[in-house]
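Notes follow the structure.
Note: hydrogens, waters and symmetry copies are ignored here, and every other heavy atom, side chains too, is used. Whatever order the structure lists them in is the order used to number ligands and atoms, beginning at 1.
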Amino acid sequence: MQHIISIGDFDRDEIDSLLNHAAQIEKKKYDTNALAGRILAVLFFEPSTRTRMSFESAMARLGGTSLSVGSVEACSMAKGETLADTVRVVSGYADAIVIRHPKEGAARLAAEFSTVPVINAGDGAGQHPSQTLLDLYTIRQSMPVEGIEVALVGDLRYGRTAHSLASALSLYNARLHTISPKGLELPATLAAQLKEKGMEITEHDSIDEVIGDVDVLYVTRIQRERFPDSASYFNVASSYRITPELLAGAKKRLIVLHPLPRIDEIDPRVDESPHAKYFQQSRNGVPVRMAMLMQVMK
Ligand code: NCD
């Protein structure tokens, strides 16, 4: 039984072959009944639009069905049931579980109690492996991932998409530039692990310092829901914004990615720019998650 909890569960060859499979799927080369009769349980304890709907869309396109309890308030967790019990029960109703939870480590715990494969769709400030796979897929559509220079911008402390992506990029000899408000830097333990793997990471005060050098500008939202109080959020809110003027100094091949939702990090005028790939990125969630679902349920 194969769980997908962290991007570290994959080596580079495994990532590449999954993304090759996703590319075939995108060209409509797949069996629309590949997962007929299979059921995916969608267990989301945090808001989601893209991740949830693209997993459900992926399942439907493969002939399968998705089940969910609806809102957290509507399920027995609200009566005090433990996550372990919920997962034990739900794994009796489905062939795989995709879970999102506000606590780091929740997906790993779920996997311990599940009798079917578990996919982590975001565990607090931890990991978000399916997002990283679609991020890499989107990069590959524009350029080879090997050796690229990537600027990670925004909330690198609480942003799980940034954590997973940084780890994955270390497999491709990428160079990392980080730009974040004070206090929201990449966690020191993660930065140390990446450096140990030979990754070069440089911190910068502003995006202007690197805009001419980078191939990917990966922008993230300040993760307001992880802040201890609203005052500390408002201290750092709106501290950076990607504009067409900023992008005027970029390399021709630079792509702007954002896992979305965006608040005010990207000026809507950027949407028309050939650099903007974030809506393409969100669409890529479907073929990539189709490949993931086939991998864990076939
Ligand atoms: C991200 C998440 O939930 O971590 N969203 C997503 O899955 N596309 C990013 C975010 O919420 O800021």
Side-chain angles (χ1 to χ4, degrees), residues 4-7 22 40 42-59 66 68 71-72 97-108 110 118-139 150-168 178-181 184 186-187 190 216-227 233 236-242 255-266 271 276-290 292-293:
I4 301 177
I5 306 303
S6 152
I7 197 69
L40 176 70
V42 178
L43 207 50
F44 273 40
F45 301 103
E46 268 194 349
S48 172
T49 302
R50 279 149 288 273
T51 306
R52 179 172 181 155
M53 291 189 74
S54 61
F55 265 116
E56 291 182 352
S57 168
M59 198 58 191
S66 307
S68 82
S71 68
V72 181
I97 297 175
V98 53
I99 183 169
R100 169 171 288 189
H101 196 279
K103 289 234 164 65
E104 203 171 324
R108 178 90 51 208
V118 171
I119 299 176
N120 180 10
D123 61 323
Q127 284 266 322
H128 196 342
S130 66
Q131 179 69 45
T132 295
L133 292 168
L134 75 91
D135 295 342
L136 294 172
Y137 185 79
T138 311
I139 296 171
V150 178
L152 288 182
V153 179
D155 186 348
L156 309 185
R157 176 178 183 180
Y158 298 118
R160 53 199 176 198
T161 64
H163 300 162
S164 292
L165 181 61
S167 299
T178 60
I179 300 108
S180 49
L184 299 183
L186 210 59
L190 176 60
V216 176
L217 196 57
Y218 192 89
V219 189
T220 64
R221 175 181 68 91
I222 305 286
Q223 306 284 294
R224 181 176 186 168
E225 64 276 34
R226 316 259 177 252
F227 280 66
Y233 167 73
V236 290
S238 306
S239 41
Y240 52 91
R241 187 172 173 86
I242 312 303
I255 60 171
V256 181
L257 300 182
H258 190 310
L260 303 177
R262 67 173 150 182
I263 308 303
D264 54 6
E265 309 85 56
I266 302 180
D271 301 355
K277 298 290 182 203
Y278 31 92
F279 290 115
Q280 178 181 323
Q281 182 187 2
S282 70
R283 275 196 301 279
N284 287 337
V286 177
V288 170
R289 289 177 170 125
M290 285 168 77
M292 294 177 74
L293 290 171

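Under the 3.5 Å distance criterion, the side-chain polar atoms of H258 are left unmatched by any main-chain donor or acceptor of Y218. Checking side-chain atoms of S48 against main-chain N and O of F44 turns up no donor-acceptor pair under 3.5 Å.
Taking a 4.0 Å cut-off on heavy atoms, P261 registers as neighbouring ligand 1. For the pair E46 and ligand 1, no heavy-atom separation below 4.0 Å is found.
For R160, the salt bridge (Lys or Arg N to Asp or Glu O under 4.0 Å) criterion is met by E46, not counting sequence neighbours. Checked against salt bridge (Lys or Arg N to Asp or Glu O under 4.0 Å), E56 has the following partners two or more places apart in sequence or in another chain: R52.
In terms of protein heavy-atom proximity, atom 4 (O) of ligand 1 is nearest to R160 NE, 2.7 Å. Looking at atom 6 (C) of ligand 1, its nearest protein heavy atom turns out to be L260 O, 3.5 Å. In terms of protein heavy atoms, atom 8 (N) of ligand 1 is closest to P259 O, 2.9 Å. The single protein non-hydrogen atom nearest to atom 11 (O) of ligand 1 is R221 NH2, 2.9 Å, given as residue, atom name and distance.
Residue-ligand proximity, Q223 to ligand 1, at heavy-atom distances under 4.0 Å covers atoms 10 (C), 12 (O). For ligand 1, the atoms lying closer than 4.0 Å to a non-hydrogen atom of T51 are 6 (C), 7 (O).
At a heavy-atom distance under 4.0 Å, only side-chain atoms of T161, from C-beta outward, approach ligand 1.
Between R289 and S130, the side chains place a donor N or O and an acceptor N or O closer than 3.5 Å (distance only, hydrogens not considered). Side chains of D155 and T220: no donor on one and acceptor on the other come within 3.5 Å.
Contact check for Y240 versus I266: no side-chain heavy atoms found under the 4.5 Å cut-off.
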